[in-house]
Amino acid sequence: MGTEAVGTLAYDAPAAKVDRRRLIEQLGDAVRGLVAATCAAEAPPEELERAIAGTRQLAEGLRGFARPLGTASSSEDPLLPHLYPAGHGAGNPVAPPVHVEATEEGVRSRITLGRQYEGPRGRTHGGISALLLDEVLAYASTSAGRGGFTAYLNTSYHQAVPIQVPLEIRARIDAEDGRKTTVKGFIALESDPEVPLVSATALFVIPRADYEGNQK
Ligand SMILES: CCCCCCCCCCCCCC(=O)SCCNC(=O)CCNC(=O)[C@H](O)C(C)(C)COP(=O)(O)OP(=O)(O)OC[C@H]1O[C@@H](n2cnc3c(N)ncnc32)[C@H](O)[C@@H]1OP(=O)(O)O
């Protein structure tokens with residue numbers, strides 16, 4: 001057995017699965033670094049050509065092991081976070097590296113965004129800010145034992161969210177009403193955590209048991 005942290009609990013997962021999950025996380029991190037380097041590289045043509053050939057070769061090698069769409073990854077475990085969701089999956093190089101912790105009021109995430117999340121020069125793309133808020137607000141709902149799918153996410157962009165600057169995202173439950181949970185949150189600079197750069201209100205709805213969209 002190998003131990004992996006789940007929130008504040010230590011959970012004894014099978015050692016082989018823990019080892020595999022570590023490798024998947026490391027690969028995700030390595031490719032995330034490649035993506036960030038790709039978006040920043042002012043490399044000469046021969047270096048770009050070398051990177052194209054090497055990257056295509058690596059991708060071809062991994063494609064040979066692809067699992068069919070809609071099937072579970074062998075890394076999955078009912079008590080551990082999934083590794084591939086686009087919003088936070090540690091094994092998904094496209095996902096921003098979101099880690100969430102509980103606070104007295106709700107949840108908080110600290111994150112510094114790489115160059116691949118840039119929209120206007122030096123600023124985070126607005127869709128990425130919305131993704132981060134959707135993610136952290138959903139965590140607030142889930143960690144309060146509520147969960148649900150995002151029915152709406154209303155975002156207000158007050159100031160630019162800088163790239164490569166430590167950020168703090170906070171979220172808290174605003175209202176609970178049957179299957180509906182309203183959550184509020186915002187992104188701020190870690191150095192100025194009370195001033196919202198982007199704020200959001202989201203409604204999460206726990207679907208009815210017979211809801212058609214429930215199938216995976
Ligand atoms: C520690 C924790 C770790 C865990 C990690 C967690 C990671 C987080 C992962 C991150 C994940 C990120 C999250 C994601 O990305 S989730 C993915 C993106 N979201 C979706 O795909 C959702 C698509 N929509 C649906 O599936 C359905 O519409 C849902 C399920 C939402 C509702 O379908 P359902 O058939 O069940 O609903 P209903 O018609 O019975 O209505 C029920 C109630 O809701 C009210 N309503 C509905 N829609 C709206 C609306 N737009 N505005 C205002 N109100 C709305 C409605 O009026 C009614 O209210 P009332 O009349 O009862 O008062």
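Because only heavy atoms are used, hydrogens play no part in the values below, and waters and symmetry mates are left out as well, while side chains stay in. Order of appearance sets the numbers: ligands from 1, and atoms from 1 within every ligand.
- Residues Arg146 and Thr181 bring a donor and an acceptor atom of their side chains to less than 3.5 Å of each other.
- Checked against a 3.5 angstrom limit, the closest N/O atoms of Ala151 and ligand 1 fall inside it.
- Under 3.5 Å, the side chains of Arg170 and Thr103 contain no donor-acceptor pair of N or O atoms.
- Not a single N or O atom of Tyr152, backbone or side chain, sits closer than 3.5 Å to an N or O atom of ligand 1.
- Of all the heavy atoms of Val100, none lies under 4.0 Å from any atom of ligand 1, so neither backbone nor side chain is involved.
- Atom numbering of ligand 1 starts at 1 in the shown order; those under 4.0 Å from a heavy atom of Arg208 are 34 (P), 35 (O), 36 (O), 38 (P), 40 (O).
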With ring pair (Phe, Tyr, Trp, His ring centres under 6.0 Å) as the test, would you mind laying out the steps for Tyr139 and His88 before giving the verdict? CA-CA 11 Å; Tyr139 264 92; His88 67 269; 5.6 Å; yes
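- Residue Leu203 has at least one heavy-atom neighbour below 4.0 Å for each of these atoms of ligand 1: 53 (C), 54 (N), 55 (C).
- Closest approach of Arg32 to Pro93, counting heavy atoms only: CG-O, 3.5 Å.
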Glu105 and Arg172: CA distance, side-chain angles, deciding distance, salt bridge (Lys or Arg N to Asp or Glu O under 4.0 Å) verdict: CA-CA 6 Å; Glu105 311 85 54; Arg172 59 170 178 78; over 6 Å; no
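- The distance criterion of under 3.5 Å between nitrogen or oxygen atoms is met by Lys180 with respect to ligand 1.
- At a cut-off of 3.5 Å, with distance as the only test, no side-chain donor of Ser109 or His99 sits close to an acceptor on the other residue.
- Between Asp134 and ligand 1, an N or O atom pair is found at a separation short of 3.5 Å.
- With no hydrogens or angles considered, a side-chain donor-acceptor pair links Thr150 and Asp134 at under 3.5 Å.
- Considering backbone and side-chain atoms together, Glu135 places no N or O closer than 3.5 Å to any N or O of ligand 1.
- Ligand-side atoms of ligand 1 in range of Phe149: 16 (S), 22 (C), 30 (C), range being under 4.0 angstrom from any heavy atom.
- Those atoms of ligand 1 that come under 4.0 Å of a heavy atom in Thr142, given as number and element, are 2 (C), 4 (C), 6 (C).
- When non-hydrogen atoms are compared, ligand 1 lies under 4.0 Å from the backbone of Thr150 as well as from its side chain.
- In this structure, Arg67 satisfies the cation-pi test against Tyr84, with its NZ or CZ atom closer than 6.0 Å to the six-membered ring centre and inside 45 degrees of the ring normal.
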